[in-house]
Amino acid sequence: MLDLDDFLPYRLNVLAKRVSRELARRYEEQFGISIPEWRVMAILGREQPLSSNDIVERSAMDKAKVSRAVTSLAEAGLLSRDTHPSDQRLLRLSFTPKGRALYERIAPLALEWQQRWLNCLNEAELDQFKALSAKLEGQLEQLARDVL
């Protein structure tokens, strides 16, 4: 019999949703942006310009969710959309000055929240969690290849 309390995919999903819900509350209250919008901004904060397809690949969000987030951020004046020089069908997304300023305000708060959340783990536990997470992600990639 399947016991959800012992079924790791279920537990990880619940944990991820609880973390996202907590962050969403903070981002929406303080900055007026949603979690998908923040994910797009976080990815662009690391590397830009990128296309929406690049963001889909890096975020594991579906294309429609990324598209809605990009549209909303662009309408708010936080992102610019420029035509890709080698493929006119693609748009390159970058921060506007207003978007960069918002990212620079949110990023330190996100890191601070993460630190407060993870302070229940000692350094060895956190290192082990990161290593195990990476190992499980690698195994997922292997399982996906095995199906093909």
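Computed from a prediction, not measured in an experiment: that's the story for all the values here.
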Determine, stepwise, if the pair Ile33 / Met41 fulfils side chain to side chain contact (heavy atoms under 4.5 Å, CB included). CA-CA 10 Å; Ile33 64 169; Met41 291 185 72; 4.1 Å; yes

Does some side-chain heavy atom of Trp113 sit less than 4.5 Å from a side-chain heavy atom of Val19? yes

To check you understand the geometry: which heavy-atom pair defines the closest contact between Thr96 and Ser80, and what is its length? CG2-N, 3.7 Å

Go through the steps for Glu57 and Asn53 under the test side chain to side chain donor-acceptor pair (under 3.5 Å), then give the verdict. CA-CA 6 Å; Glu57 289 175 17; Asn53 290 338; over 6 Å; no

Which label fits Tyr27 and Trp38: parallel for a plane angle under 30°, tilted from 30 to 60°, or perpendicular past 60°? tilted

Would you say the side chain of Ser51 lies within less than 4.5 Å of the side chain of Leu91, judging by non-hydrogen atoms? no

Chi angles and distances behind the side chain to side chain contact (heavy atoms under 4.5 Å, CB included) call for Glu123, Gln128: CA-CA 9 Å; Glu123 190 172 336; Gln128 185 176 29; over 6 Å; no

Return the CG to CZ distance between Asn13 and Arg18, rounded to the nearest 0.5 Å. 12.5 Å

Say whether, by atom type as modelled, one donor and one acceptor occur between the side chain of Asp127 and the main chain of Ala124 under 3.5 angstrom. no

Taking the side chain from Lys63 and the backbone from Ser52, do they hold a donor-acceptor pair closer than 3.5 Å? no

Closest non-hydrogen atom pair, Leu121 against Glu125: CA-OE1, 3.3 Å

If Ile, Leu, Val, Met, Phe, Trp and Tyr residues are connected whenever their side-chain heavy atoms lie under 4.5 Å apart, and connections chain through other members, are Leu111 and Leu44 in the same group? no

I'd like to know if Arg26 and Glu22 make a salt bridge, using a cut-off of under 4.0 Å between side-chain N and carboxylate O. yes

Determine whether Glu47 and Ile55 satisfy the following criterion, side chain to side chain contact (heavy atoms under 4.5 Å, CB included), listing intermediate values before the conclusion. CA-CA 10 Å; Glu47 178 185 1; Ile55 293 171; over 6 Å; no

Leu136 and Phe129: same hydrophobic cluster, using ILVMFWY side-chain contacts below 4.5 Å? no

Nearest-0.5 Å distance that lies between atom CZ in Arg92 and atom OG1 in Thr83: 9.5 Å

Report yes or no: do Leu140 and Leu132 belong to one cluster of Ile/Leu/Val/Met/Phe/Trp/Tyr joined by side chain heavy-atom distances under 4.5 Å? no

For residues Phe31 and Arg105, report the shortest heavy-atom separation together with the two atoms involved. CE2-NH2, 3.3 Å

Kindly work out whether a path of hydrophobic side-chain contacts (I/L/V/M/F/W/Y, heavy atoms less than 4.5 Å apart) joins Leu126 to Leu12. no

In Å and rounded to the nearest 0.5 Å, what is the CG to OH distance from Leu73 to Tyr103? 13.5 Å

Work out which heavy atom in Leu102 is nearest to a heavy atom in Leu78; give both atom names and the distance. CD2-CD1, 3.8 Å

Shortest non-hydrogen separation from Ser34 to Glu28 and the atoms involved: CA-OE2, 4.0 Å

Side chains of Gln115 and Asn119: do they bring a donor and an acceptor to under 3.5 Å? no

Please report the shortest heavy-atom distance between Phe95 and Leu79, naming the atom on each side. CD2-CD2, 3.9 Å

Do Arg116 and Glu112 pass the side chain to side chain contact (heavy atoms under 4.5 Å, CB included) test, and can you show the C-alpha distance, the side-chain angles, and the key distance before you say yes or no? CA-CA 6 Å; Arg116 288 181 36 228; Glu112 177 199 346; 4.0 Å; yes

Who are the side chain to side chain contact (heavy atoms under 4.5 Å, CB included) partners of Arg39, not counting sequence neighbours? Ser20, Ile35, Met61

Can a salt bridge be assigned to the pair Arg68 and Glu37 using a cut-off of 4.0 Å between side-chain N and carboxylate O? no

